[in-house]
Amino acid sequence: AKEGAFVVRDSSQHGCYTVSVYTKALSRVDLGDIRHYQIKQKGLSQFFLAEKHVFNSIPEVIRYHQHNAAGLVTRLRYPVGPMGKCVPATAGFSYEKWEINPSELSIMEELGSGQFGVVRLGKWRALCKVAIKTINEGSMSEEDFIEEAKVMTKLSHPKLVQLYGVCIQQKPICIVTEFLENGCLLNYLQQRQGCLKKEFMLAMCQDACEGMEYLETNGFIHRDLAARNCLVSKKQVVKVCDFGMTRYVLDNQYISSTGSKFPVKWSPPEVFHYNKYSSKSDVWSFGVLMWEIFTEGRTPFENKSNSEVVDEITRGHRLYRPHLASQTIYKVMYSCWHEKPESRSSFAELLEEIKIISEND
Ligand code: ADP
């Protein structure tokens, strides 16, 4: 059901071929529509779909229309293969901006590993340090991610970990992002217990809030905001990472709200009950992130199981005030945990509140 998904098939007219294309563009219902175009032949070895664009072979016709609609309802974007598998139309063709040529990457030491696989330090064009995340086969719905990566590479903000692009020429595919010298925020906090100033903690909250405000403005939902998904730069700037990535995870323990890896302790009621994500569900998680920062990396609801947390939150209980957080700071994080999403502040509002506190304290 993707715009521009297509097959080339035998036509009902013997010896001819037809291209069938899926489109939502002309359909009045959400289900979409399939358009069929017979490949016409001129002489013995000339083929075309649009009379003005004639080629010597059918593959050439297809390749042309992968880049140009030229009279078709849409360009041919996704060849649909056996068993319904799709290959991105760009695979094996020219490099687009979001696609990184693997020959331009050199791989260095391992940085860590996560849900999708190992993350390594690398260099792009021998100049720029990058983080290269290898995606273990079967851990991600890759086609959907690759499609989204085109949008995600366009998101750019100093408080977001920049996605540079993806290498899809070989398997396993890998994701190339900005490299941050000080690694994961959660480890950073835990390793510096007792050493961090409160002003600095608030500045870290402000960094994350700025990144999140940018996502909110762009209508992009993070879905898994937490200290483990933030990174710290050489200059101790916090940047938000892994935004939107949970949508591509293939692991039921992670996706299902009753699964052991589901981030219940960072989730509002509408998420753990109904999977209803929004910028306001991100706001709830941001409150928990503030709590993680001000407890120097403690686990929220430390000794409670996920189902106990669901019970407690449903009964109106919330995380306690960390000793290092003033009443005003606690008020900000607490305001993120309003039961009703619409009663929570927006990131734009939270940012203003945080700025006022840091100016006055
Ligand atoms: P997860 O899937 O658990 O969120 P990731 O795959 O994003 O984990 O990352 C695993 C680990 O690799 C992180 O905890 C961090 O230590 C390291 N890492 C990931 N991305 C970067 C990066 N861009 N810069 C520096 N270190 C990174």
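Counting starts at 1 for both ligands and their atoms, following the listed order. Predicted model only: the values in this text are computed from it and were never measured.
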The atoms of ligand 1 lying under 4.0 Å from a heavy atom of E178, numbered in the order shown, are 22 (C), 23 (N)

Out of all atoms in ligand 1, which are within 4.0 Å of some heavy atom of L111? Include the element for each.
16 (O), 25 (C), 26 (N)

Which heavy atom of the protein is the closest neighbour of atom 18 (N) of ligand 1, given with residue, atom name and distance?
V119 CG1, 3.9 Å

Does a side chain donor of either S260 or Q253 reach within less than 3.5 Å of an acceptor in the other side chain?
yes

Can you tell me if S343 uses its side chain to pair, donor with acceptor, with the backbone of E339 under 3.5 Å?
no

Worked verdict on E210 versus H157 for side chain to side chain contact (heavy atoms under 4.5 Å, CB included)
CA-CA 9 Å; E210 287 172 13; H157 186 275; 4.1 Å; yes

Taking side chain to side chain contact (heavy atoms under 4.5 Å, CB included) as the criterion, tell me which of I175, V118, V166, I168 meets it with I135.
I175

Among all protein non-hydrogen atoms, which one is nearest to atom 25 (C) of ligand 1, and what is the separation to 0.1 Å?
L180 O, 3.1 Å

Any N or O on K133 sitting closer than 3.5 Å to an N or O of ligand 1?
yes

Looking at ligand 1, does any of its N/O atoms fall within less than 3.5 Å of an N/O of Q115?
yes

For atom 1 (P) of ligand 1, which protein heavy atom lies nearest, and how many Å away is it?
G114 CA, 3.8 Å

As an exercise, identify every atom of ligand 1 less than 4.0 angstrom from a heavy atom of N229.
4 (O)

Assess, by modelled atom type and distance only, whether the side chains of D224 and Y254 contain a donor and an acceptor separated by less than 3.5 Å.
yes

With backbone taken as N, CA, C and O and side chain as the heavy atoms from C-beta onward, which portion of S113 lies under 4.0 Å from ligand 1: side chain, backbone, both, or neither?
backbone

Nearest neighbour in protein (non-hydrogen) for atom 22 (C) of ligand 1
L231 CD1, 3.4 Å

Could you tell me whether some N/O pair between D242 and ligand 1 is separated by less than 3.5 angstrom?
yes

Considering the heavy atoms of T177, write down every atom of ligand 1 situated less than 4.0 Å from one of them.
23 (N)

Does K304 pair with E312 as a salt bridge, N-O distance under 4.0 Å?
yes

In this structure, atom 13 (C) of ligand 1 is nearest to the protein heavy atom C184 CB, 4.2 Å

Counting N and O atoms only, with roles assigned by atom type, does the side chain of D282 sit under 3.5 Å from a partner on the main chain of H222, one being a donor and the other an acceptor?
yes

Between F55 and Y64, does the ring pair (Phe, Tyr, Trp, His ring centres under 6.0 Å) criterion hold? Intermediate values first, please.
CA-CA 9 Å; F55 299 90; Y64 175 78; 5.3 Å; yes

Ion pair K276/E270, N-O distance below 4.0 Å
no

